[in-house]
Protein chains: 2
Amino acid sequence: MIGVQNRIQELRKVKKLTQDEIAKLCNVSRQTINAIENNKYDPSLSLAFDLAKSLETTVDELFNERKTR
Amino acid sequence: MIGVQNRIQELRKVKKLTQDEIAKLCNVSRQTINAIENNKYDPSLSLAFDLAKSLETTVDELFNERKTR
DNA sequence: ATTAAATGTACAAGGTTTTTTACATTATTA
DNA sequence: TAATAATGTAAAAAACCTTGTACATTTAAT
């Protein structure tokens, strides 16, 4: 488990985007999107901002703070 | 240069904290705080959230998106 | 002017994120 | 049902973040 949870999959489906489509919007690989959705690791801050913009939300809305570091 | 600019130094001084003090609040080294303030690299998303909490603000307020990735 | 505190910087080592390639499984549609 | 799209997963390599130690410079206090 990782330090931050996210609502990427939820918001991505609202916009009817595939992992591949959002990956292209953010200039990363599909595997990166998949890994982040499945909490394999957290995105970089830069990618977090790109994801938030792609999903028309904020980093704070997209990633909810958790306890661990 | 890095993908995200930040207002850490500005907000840190408002609260009259040293780099060392904020480092301890976030459980990272002073060098990490120094490097981030001077845009040597971006923090991890997890640290970005800790910094925002320490400075009583949000990640979106603390880090302003830029153009490059 | 001296001392102490705070900040800037460097470098090697270790940990984490991302990529590429490749294949397996699950869902969707014809 | 068969074909296709979407998603899950793996492993090695590259790129990036963080640490520790150490020293130099700047700022503040005495």
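In what follows, chains are A, B, ... by sequence order, proteins preceding strands, each numbered from 1. Keep in mind that this is a model prediction, so the values were computed, not measured. Computed from heavy atoms alone, side chains included, the values below leave out hydrogens, waters and symmetry copies.
- Summarising the geometry, the separation between CG on D42(B) and P on dT18(C) is reported as 11 Å, rounded to the nearest angstrom.
- Of the side-chain N and O atoms in N34(B), none sit less than 4.0 angstrom from OP1 or OP2 of dT7(C).
- Of the candidates Q9(A), R30(A), K24(A), R30(A) is the only one forming a side-chain contact (heavy atoms from CB on, under 4.5 Å) with Q19(A).
- For residues 8-15 of chain B, proximity to DNA chain D is found at no residue, defined as any non-hydrogen atom under 4.0 angstrom from a strand atom.
- Among the atoms of the strands shown, base atoms are found under 4.0 Å from some heavy atom of T32(B).
- Computed from coordinates, the E21(B) CD to dA6(C) P distance equals 7 Å when rounded to whole Å.
- Two residues are said to be in side-chain contact when any heavy atoms from C-beta on lie closer than 4.5 Å; L45(B) and V59(A) meet this criterion.
- Side-chain N/O atoms of K40(A) include none lying less than 4.0 angstrom from OP1 or OP2 on dT17(C).
- With distances taken from any side-chain atom of N38(A) to the nucleotides dT7(C), dT17(C), dG8(D), the minimum falls on dG8(D).
- If you take CG on N34(A) and CG on D20(A), they are separated by 11.0 Å, rounding to the nearest 0.5 Å.
- For the atom pair CD1 (I22(A)) and OG1 (T18(A)), the distance works out to 9.0 Å, reported to the nearest 0.5 Å.
- Rounded to an integer number of Å, the gap from OH of Y41(B) to P of dC11(C) is 14 Å.
- Counting to the nearest Å, the P atom of dC17(D) and the CG atom of N6(B) are 13 Å from each other.
- Of all nucleotides listed (dG8(D), dT17(C), dT19(C)), dG8(D) comes nearest to the side chain of Q19(A).
- The phosphate of dC16(D) has neither OP1 nor OP2 within less than 4.0 Å of any side-chain N or O from S44(A).
- Atom CD1 in I36(B) sits roughly 16 Å away from atom P in dC16(D) (whole-Å rounding).
- In this model, a side-chain donor or acceptor of R30(B) finds a partner on the base of dG8(C) within 3.5 Å.
- The side chain of T18(A) approaches dA6(D) more closely than any other nucleotide in the set dC17(D), dT7(C), dA6(D).
- Across the protein-nucleic acid pair, I33(A) atom CD1 and dA6(D) atom C1' stand 14 Å apart, rounded to whole Å.
- The shortest side-chain heavy-atom distance between D42(A) and S44(B) does not fall under the 4.5 Å cut-off.
- Counting only heavy atoms from C-beta on, S29(A) has its side chain closest to dT19(C) among dT19(C), dA22(C), dT18(C).
- Contact record, T57(A) with E61(A): OG1-CB, 3.1 Å, taken as the closest heavy-atom pair.
- Taking atom CG on L45(B) and atom P on dC16(D), their separation rounds to 18 Å, with Å as the unit.
- Nearest to the side chain of Q31(A), among dT9(D), dT18(C), dT19(D), sits dT9(D).
- Side-chain contact check for I36(A) versus L47(A): some heavy-atom pair is nearer than 4.5 Å.
- In plain terms, the two heavy atoms of D60(A) and F49(B) that are nearest each other are OD1-CE2, 3.7 Å.
- Rounded to a whole Å, the CD1 atom of I22(B) is 11 Å from the P atom of dT7(C).
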